[in-house]
Amino acid sequence: MTIRTRFAPSPTGYLHIGGVRTALYNWLFARKHGGQFILRIDDTDRQRNVEEALRPILDGLRWLGIDWDEGPEVGGPLGPYYQSQRVDRYRDAVERLVASGGAYYDYAAAEEIQAERAEAERQKRTFRYSRRFMAETVADRRRFEAEGRRAVVRLKMPGEGKLIIDDAIRGRVEFDWANEQDHVVQRADGSFLYHLANVVDDRDFQITHVIRAEEHLSNTPRQAFIIETLGYERPAYAHLPFVAEPGSHTKLSKRKLNKYLKDRDFAELLERGRKIAARIGHPLEADAFNPVIVDFYRSVGFLPEAIVNYLALLGWALDDKTEHFSRPELIAAFSLARVNKAPASFDPRKLMAFQERHFHALSPERKVELVVPFLEKAGLVQSPPSNERKKYIENVTAAAGDRIKVAGDILDSDDFFQADDRLEYDEKAVEKNLGKEEALELLTKLRDRLATFEPFTPDALEAMLREFVETERIKIGQLIHPLRVALTGKSIGFGLFDTLAILGRERCLRRIERALAAAGKTS
RNA sequence: GCCCCCUUCGUCUAGUGGCCCAGGACGUCGGAUUCUCAGUCCGAAAACAGGGGUUCGACUCCCCUAGGGGGUACCA
């Protein structure tokens, strides 16, 4: 039998990091076993704007390389893949449920159920519906309806015995049927509830392995009951622990951004993103721009393979040492048996570490490709850049080296892309490094040397500068720092000899000239 | 309340009765390198929730307690 797994997002407009992990594990499991991964849309509640609300989710999954064999946009033989279009199937199932005695029409009003529940609570006993308004015959139905009552359809749970689930992650889990309620499967308005739809769809789509979040573990009995009553075969189950908040075991939620901001690492991550987003005109509204949402990472230049690698290890491990996985390695190594039972908390710092590792391993050409869109959006290079310009970008990127951790970090080196006469100077840096008369004198002397020095390469420039400071009887730092500020406007940046060489003689001279003039004016 | 699940360094984890006075990674702290920053290198601190069993021997098996999480909806 071919293995088939599924992920069933609701069209909320966001792809949650926890959801991604669930999708990823489903995907990995299917790929590992040469099976299929199906995407089904859980839109029972929303009729409007489904496409729009789905867009970020589909885009996010594709960006991460989690592709689906059947589902929206790709179709498939077992469609439709939207629950809102499958109500006939649900109606059918409910009819069969009732016909087989596994479910009944119930005419109790919501308040009447509520009252029974309250009474049970008062008596400190487990609530079970009395079935007082259960209609067993057509005559019953007519009578209740004559009273103006409307029916829901409830499951007629066994009430005794045990259900045993053999969960791929948790092992054997037992439930007492006596603890299970007569859950509603069809509302008074005729619409269907999730558990019913879920079971029917899993069956229709021939899902063999249900891999989902642990919040569904307690719901499994009622689904198992429907499955059994309908005569379906029960799929294998694997209940994944939550992705939890940083430093806690509570489920990660996109709504608690303010709380997470108290976590230093989380705040730093968001800050890094905001800095980049502001430069490229990406909307910053808190809702979508949030490290709990995948879109955040895409928009600031994270690598999908880094996110996937990190998420794969968040709750799963191959052994005691392997951390870095390419996608094929991940597929080969993955197994449900090695998924952890306990919730794993999301660690922004560690995510960053994976990102750095993957990014640094990239070829120079690839880095340029990734970095260019950010320069374009920030208006620092023309779109598309010329080949010559690309070469220049590559030089800057190479010199920046490990300082670029996500593609958007290229904007920290904006000084290399600004026109010489438009370069902005950091006030403090100028004050500190270009405030003294000696510094200006040194720069003046150096400018004259630079004007004719050949060749203008990092090594040659370094030799020249070292010799220069020796004759001036100063430490190299005394020259380098003022020079850096003059050239880049900043006190931090990458290797100074690289900086000189990348900018080239003309631009260096112009920038030094301009800095001297500016410093002279202010002092 | 009832039911279910979970519990190894701050975090992610390895560990399936002796290889563990518990290993790796991120982070932290020290030190080295250096023109700033980033990095790199070296080193250190840091955990089996608690209590009972079982066993010659428990991180590993059983029970209890505590803590955390989930479910208990005409939500998904």
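For the numbers below, each heavy atom of this structure counts, side chains included, while hydrogens, waters and symmetry mates do not. Chain letters run A, B, ... following the sequence lines, proteins first and then strands; every chain starts at 1. Please read all numbers here as calculations on a predicted model, not as lab measurements.
Put simply, NZ on A:K405 is 13 Å from P on B:rC37, counting in whole angstrom units. With rounding to whole Å, A:N433 atom CG is found 11 Å from B:rC35 atom C1'. For the pair A:E268 CD and B:rA38 C1', the interatomic distance rounds to 14 Å; values are reported in whole Å. Between the NZ atom of A:K350 and the P atom of B:rA25 there is a distance of 9 Å, given to the nearest Å. Here the P atom of nucleotide B:rC74 and the OH atom of A:Y107 are 17 Å apart, to the nearest Å. The distance from atom CG of A:L500 to atom P of B:rC35 is 15 Å, rounded to the nearest whole Å.
Nearest-nucleotide positions on RNA chain B place A:G247 closer to the 5' end than the other of A:G247 and A:R484. In terms of position on RNA chain B, the residue among A:I480 and A:R264 whose nearest nucleotide sits closer to the 5' end is A:R264.
The partner of B:rG1 is B:rU72, by the rule that a Watson-Crick or G-U pair needs both atom distances under 3.5 Å. Pair assignment for B:rU55 gives none, since no Watson-Crick or G-U wobble pairing has each distance under 3.5 Å. In this structure, B:rG39 forms a base pair with B:rU33, meeting either the Watson-Crick or the G-U wobble geometry with both donor-acceptor distances under 3.5 Å. Remark: B:rU60 base-pairs with no nucleotide in the shown strands. Criterion, Watson-Crick or G-U wobble with two distances under 3.5 Å. Across the strands present, B:rC26 finds its partner in B:rG10; the criterion is a Watson-Crick or G-U wobble pair with both atom distances under 3.5 angstrom.
As judged by a 4.0 angstrom heavy-atom cut-off over every strand, A:V173 is placed among residues touching the sugar-phosphate backbone only. Using a 4.0 Å heavy-atom criterion, one finds that A:G401 contacts no nucleic acid atom at all. No engagement by A:D189 is indicated, since no non-hydrogen atom pair under 4.0 Å with the nucleic acid exists. Note on A:T126: only backbone sugar-phosphate atoms sit closer than 4.0 angstrom, heavy atoms only; bases stay farther off. A:K490 comes within 4.0 angstrom of no nucleic acid atom, judged by non-hydrogen atoms across all strands. Nucleic acid contact for A:N219: base, since at least one base atom lies under 4.0 Å from a heavy atom of the residue. Counting non-hydrogen atoms under 4.0 angstrom, A:H360 reaches nothing in the nucleic acid. Residue contacts for A:G315: at a heavy-atom cut-off of 4.0 Å it reaches the sugar-phosphate backbone alone, with no base atom in range. In this structure, A:F497 reaches the bases: a heavy-atom distance under 4.0 Å links it to at least one base atom across the strands shown. If you check every strand for non-hydrogen atoms under 4.0 Å, A:L465 touches nothing. Contact annotation for A:L217: backbone-only contact, meaning every heavy-atom pair under 4.0 Å involves sugar-phosphate atoms and none involves a base. Within 4.0 Å of A:H216, counting heavy atoms only, lies at least one base atom of the nucleic acid. At a threshold of 4.0 angstrom between heavy atoms, the contacts of A:A188 include nucleobase atoms, whether or not backbone atoms are also involved. Across all strands shown, A:R338 has heavy atoms under 4.0 Å from sugar-phosphate atoms exclusively, and none from any base.
Side-chain nitrogen and oxygen atoms of A:T250 include at least one within less than 4.0 Å of the OP1 or OP2 phosphate oxygen of B:rG69. One finds a side-chain N or O of A:R222 lying less than 4.0 angstrom from the OP1 or OP2 phosphate oxygen of B:rU72. The side chain of A:N340 places an N or O atom within less than 4.0 Å of a non-bridging phosphate oxygen (OP1 or OP2) of B:rA14. Look at A:S191 and you won't find any side-chain N or O under 4.0 angstrom from OP1 or OP2 of B:rC74. In this model, the phosphate group of B:rC75 is approached by a side-chain N or O of A:R187 to a distance below 4.0 Å at OP1 or OP2. Residue A:R170 has no polar side-chain atom (N or O) positioned under 4.0 Å from OP1 or OP2 of B:rG70.
Between B:rG23 and B:rA14, the two C1' atoms lie 6 Å apart (nearest whole Å). Taking atom P on both nucleotides, B:rC20 is separated from B:rU33 by 36 Å, rounded to a whole Å. Here the separation of B:rC5 from B:rG43, taken at their P atoms, is 45 Å to the nearest Å. Only the P atoms considered, B:rA58 is 45 Å distant from B:rG39, to the nearest whole Å. Taking atom P in both B:rA46 and B:rG52, the straight-line distance is 25 Å, to the nearest Å. Across the C1' atoms, B:rA47 and B:rC26 are found 16 Å apart, a figure rounded to whole Å. For B:rU16 and B:rU8, the C1' atoms lie 15 Å apart once the distance is rounded to whole Å. When the P atom is compared between B:rG24 and B:rA45, the two are found 12 Å apart, to the nearest whole Å.
Relative to the six-membered ring of A:F175, A:K162 misses at least one condition, a distance below 6.0 Å or an angle of at most 45° to the axis. Figure legend: A:R91 and A:F192 shown without cation-pi pairing, the cationic atom not lying both under 6.0 angstrom from the six-membered ring centre and within 45 degrees of its axis. The cationic group of A:R141 does not satisfy the cation-pi geometry with A:Y107, failing either the under 6.0 Å distance to the six-membered ring centre or the 45° limit from the ring axis.
Residue A:P343 places its side chain closer to B:rC6 than to any other of B:rG70, B:rC6, B:rA38. Checking B:rC12, B:rC4, B:rC75 against every side-chain atom of A:L193, the shortest atom distance belongs to B:rC75. Out of B:rC6, B:rG71, B:rA38, the shortest distance to the side chain of A:S218 is found at B:rG71. Candidate nucleotides B:rC26, B:rC12, B:rU72 were compared by shortest atom distance to the side chain of A:R349, and B:rC26 ranks first.
Aromatic ring orientation, A:Y297 versus A:F302: perpendicular (interplanar angle above 60°, classes split at 30° and 60°). Between A:F205 and A:Y81, the two ring planes are parallel [angle under 30°; tilted spans 30° to 60°].
The local environment of CD in A:E329 is crowded, with over 12 non-hydrogen atoms from other residues, nucleotides or ligands closer than 6.0 Å. Taking a 6.0 Å sphere around CD of A:E228, one finds it holds 12 or fewer heavy atoms contributed by other residues, nucleotides or ligands. The 12-atom threshold is not exceeded at NZ of A:K432, counting heavy atoms of other residues, nucleotides or ligands nearer than 6.0 Å.
A donor and an acceptor atom never sit less than 3.5 Å apart when one is taken from the side chain of A:K321 and the other from the base of B:rA25. No donor-acceptor contact under 3.5 Å links the side chain of A:K341 to the base of B:rC6.
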Between A:Y194 and A:D42, does a side-chain hydrogen bond (donor to acceptor under 3.5 Å, both in side chains) hold up when you go through it step by step? CA-CA 9 Å; A:Y194 168 78; A:D42 209 332; 5.1 Å; no
